[in-house]
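Take a look at the structure set out below.
Because only heavy atoms are used, hydrogens play no part in the values below, and waters and symmetry mates are left out as well, while side chains stay in.
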Amino acid sequence: MKLFQHKTDLFFDLDHTLWDFEKNSALAFETIFDKYQFDICLSDFLLHYVPTNIKYWKLYREEKISQDELRYFRLKEVFDLMQQEVDDSIIHLLSKEYIAYLPKFNHLYDGTFEILDYLKENYYLHIITNGFESVQLGKIRNSNLESYFSTVTHSDLAGVKKPNPKIFEFALNYAQTSPEKSVMIGDSLEADIYGALSMGMDAIYFNEFQVPTESSIHQINQLANLKQFF
């Protein structure tokens with residue numbers, strides 16, 4: 001018997017787990033820079049943007065900055081690092097356009113549909129995401145993921161963000177299931193894995209880059225590897 005074969009409900013993170021955030025984000029910025037003929041090297045921009053975005057999302061997750069501050073300062077800091085003088089009105093415009101274009105791209109991780117088709121035969125599938133409601137629902141819809149998931153819990157709906165126990169409690173109640181019957185699958189040790197474990201759920205870390213971590217944590221580096229657990 002496989003380790004989690006007896007479970008009934010599987011909860012997935014969306015960004016960096018199913019939906020290829022970095023690839024889609026790059027395409028969104030490329031589209032916007034072309035649209036406004038913004039003279040900046042995309043590869044140099046992304047080199048700074050990727051770690052800066054991670055930093056500001058951590059602050060947002062920890063309730064240290066607002067949604068508006070996240071959207072503004074992640075761009076402002078990148079332009080400062082690149083020694084590019086960009087007017088605030090342009091930063092706000094780019095931020096707004098980025099949020100509009102981001103969910104229009106639909107690249108998923110390799111094997112996403114195959115593993116979801118495999119799992120949906122025996123499990124109820126759900127999403128728990130910290131992303132913004134309109135953006136996340138757009139990503140799910142445009143990526144043809146809607147039909148796979150019984151529930152989608154986002155931080156706007158729950159009122160808190162992972163790893164706050166309340167978002168997991170909300171998602172479990174929404175799915176009409178219990179921690180003992182559930183598994184969380186995601187790319188963030190702090191938000192997804194430790195958050196779920198603290199609620200009494202089992203968890204599987206999507207460790208795409210095979211970052212060294214404690215051996216007690218169940219992990220995969222590609223989605224197809226989930227078959228060893230279910």
[X]-[Y] co-clustered via ILVMFWY side chain contacts under 4.5 Å:
{"X": "Leu172", "Y": "Tyr194", "result": "no"}
{"X": "Ile193", "Y": "Leu3", "result": "no"}
{"X": "Ile140", "Y": "Ile99", "result": "yes"}
{"X": "Phe11", "Y": "Val160", "result": "yes"}
{"X": "Ile127", "Y": "Leu157", "result": "no"}

Pair [X]-[Y], side-chain donor/acceptor within less than 3.5 Å:
{"X": "Asp87", "Y": "Ser89", "result": "yes"}
{"X": "Tyr124", "Y": "Gln176", "result": "no"}
{"X": "Tyr60", "Y": "Asn130", "result": "no"}
{"X": "Glu77", "Y": "Tyr56", "result": "yes"}

Tell me the closest heavy-atom pair linking [X] and [Y], and the distance in Å.
{"X": "Asp117", "Y": "Glu121", "value": "O-CG, 3.6 Å"}
{"X": "Leu18", "Y": "Thr112", "value": "O-OG1, 3.6 Å"}
{"X": "Pro163", "Y": "Glu190", "value": "CB-O, 3.3 Å"}

Spacing of [X] atom [atom1] and [Y] atom [atom2] [to the nearest 0.5 Å]:
{"X": "Asn207", "Y": "Asp187", "atom1": "CG", "atom2": "CG", "answer": "9.5 Å"}
{"X": "Glu97", "Y": "Ile90", "atom1": "CD", "atom2": "CD1", "answer": "11.0 Å"}
{"X": "Leu108", "Y": "Asp20", "atom1": "CG", "atom2": "CG", "answer": "8.0 Å"}
{"X": "Leu94", "Y": "Ile32", "atom1": "CG", "atom2": "CD1", "answer": "6.5 Å"}
{"X": "Met199", "Y": "Glu180", "atom1": "CE", "atom2": "CD", "answer": "9.5 Å"}
{"X": "Tyr118", "Y": "Leu223", "atom1": "OH", "atom2": "CG", "answer": "13.5 Å"}

> Would Arg71 count as a cation-pi partner of Phe132, with NZ or CZ less than 6.0 Å from the six-membered ring centre and within 45° of the ring normal?
Replying inline: yes
> For Ser216, which residues count as a side-chain hydrogen bond (donor to acceptor under 3.5 Å, both in side chains) partner, sequence neighbours excluded?
Replying inline: Glu214
With sequence neighbours left out, what residues match [X] under side chain to side chain contact (heavy atoms under 4.5 Å, CB included)?
{"X": "Ala196", "value": "Phe168, Met184, Met201, Ala203"}
{"X": "Phe29", "value": "Ser25, Phe33, Leu42, Phe45, Leu46, Tyr49, Leu75, Tyr98"}
{"X": "Lys104", "value": "Tyr101"}

Has [X] got a side-chain atom pairing as donor or acceptor with [Y]'s backbone, closer than 3.5 angstrom?
{"X": "Glu30", "Y": "Leu27", "answer": "no"}
{"X": "Gln228", "Y": "Asn225", "answer": "yes"}
{"X": "Lys76", "Y": "Ile91", "answer": "no"}
{"X": "Asp13", "Y": "Thr17", "answer": "no"}
{"X": "Ser143", "Y": "Leu145", "answer": "no"}
{"X": "Asn173", "Y": "Glu169", "answer": "yes"}

Between [X] and [Y], is any pair of side-chain heavy atoms under 4.5 Å apart?
{"X": "Phe12", "Y": "Leu116", "result": "yes"}
{"X": "Thr52", "Y": "Phe73", "result": "no"}
{"X": "Gln219", "Y": "Ile204", "result": "no"}
{"X": "Ile40", "Y": "Phe79", "result": "yes"}

>> Evaluate Tyr109 against Glu208 for side chain to side chain donor-acceptor pair (under 3.5 Å), listing each step before the verdict.
In response: CA-CA 10 Å; Tyr109 279 97; Glu208 179 186 3; 3.1 Å; yes
> Within a radius of less than 6.0 Å around NZ of Lys120, do more than 12 heavy atoms belonging to other residues, nucleotides or ligands occur?
Replying inline: yes
> Take atom CG in Asp110; do more than 12 heavy atoms of anything else shown fall under 6.0 Å from it?
Replying inline: no
>> Before we go on, tell me: are the rings of His16 and Phe206 under 6.0 Å apart, centre to centre?
In response: no
> Can you name the one residue among Thr153, Thr177, Asp9 that meets side chain to side chain donor-acceptor pair (under 3.5 Å) with His126?
Replying inline: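 It is Asp9, the one option of Thr153, Thr177, Asp9 that forms the side chain to side chain donor-acceptor pair (under 3.5 Å) with His126.
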>> According to ring pair (Phe, Tyr, Trp, His ring centres under 6.0 Å), who are the partners of Phe105, at least two apart in sequence or on a separate chain?
In response: none
>> Which residues pass the ring pair (Phe, Tyr, Trp, His ring centres under 6.0 Å) test with His48, not counting sequence neighbours?
In response: none
>> As a test of understanding, state which of Phe229, Phe230, Tyr123 forms a side chain to side chain contact (heavy atoms under 4.5 Å, CB included) with Gln5.
In response: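 For Gln5, the side chain to side chain contact (heavy atoms under 4.5 Å, CB included) test succeeds with only one of Phe229, Phe230, Tyr123, which is Tyr123.
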>> Apply ring pair (Phe, Tyr, Trp, His ring centres under 6.0 Å) to residues His218 and Tyr205 and explain how you reach the verdict.
In response: CA-CA 6 Å; His218 303 296; Tyr205 176 34; over 10 Å; no
> Salt bridge check: are Asp15 and Lys139 linked by an N-O gap of less than 4.0 Å?
Replying inline: yes
> Salt bridge between Lys161 and Glu62, side-chain N to carboxylate O under 4.0 Å?
Replying inline: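 The answer is no: the pair does not qualify as a salt bridge.
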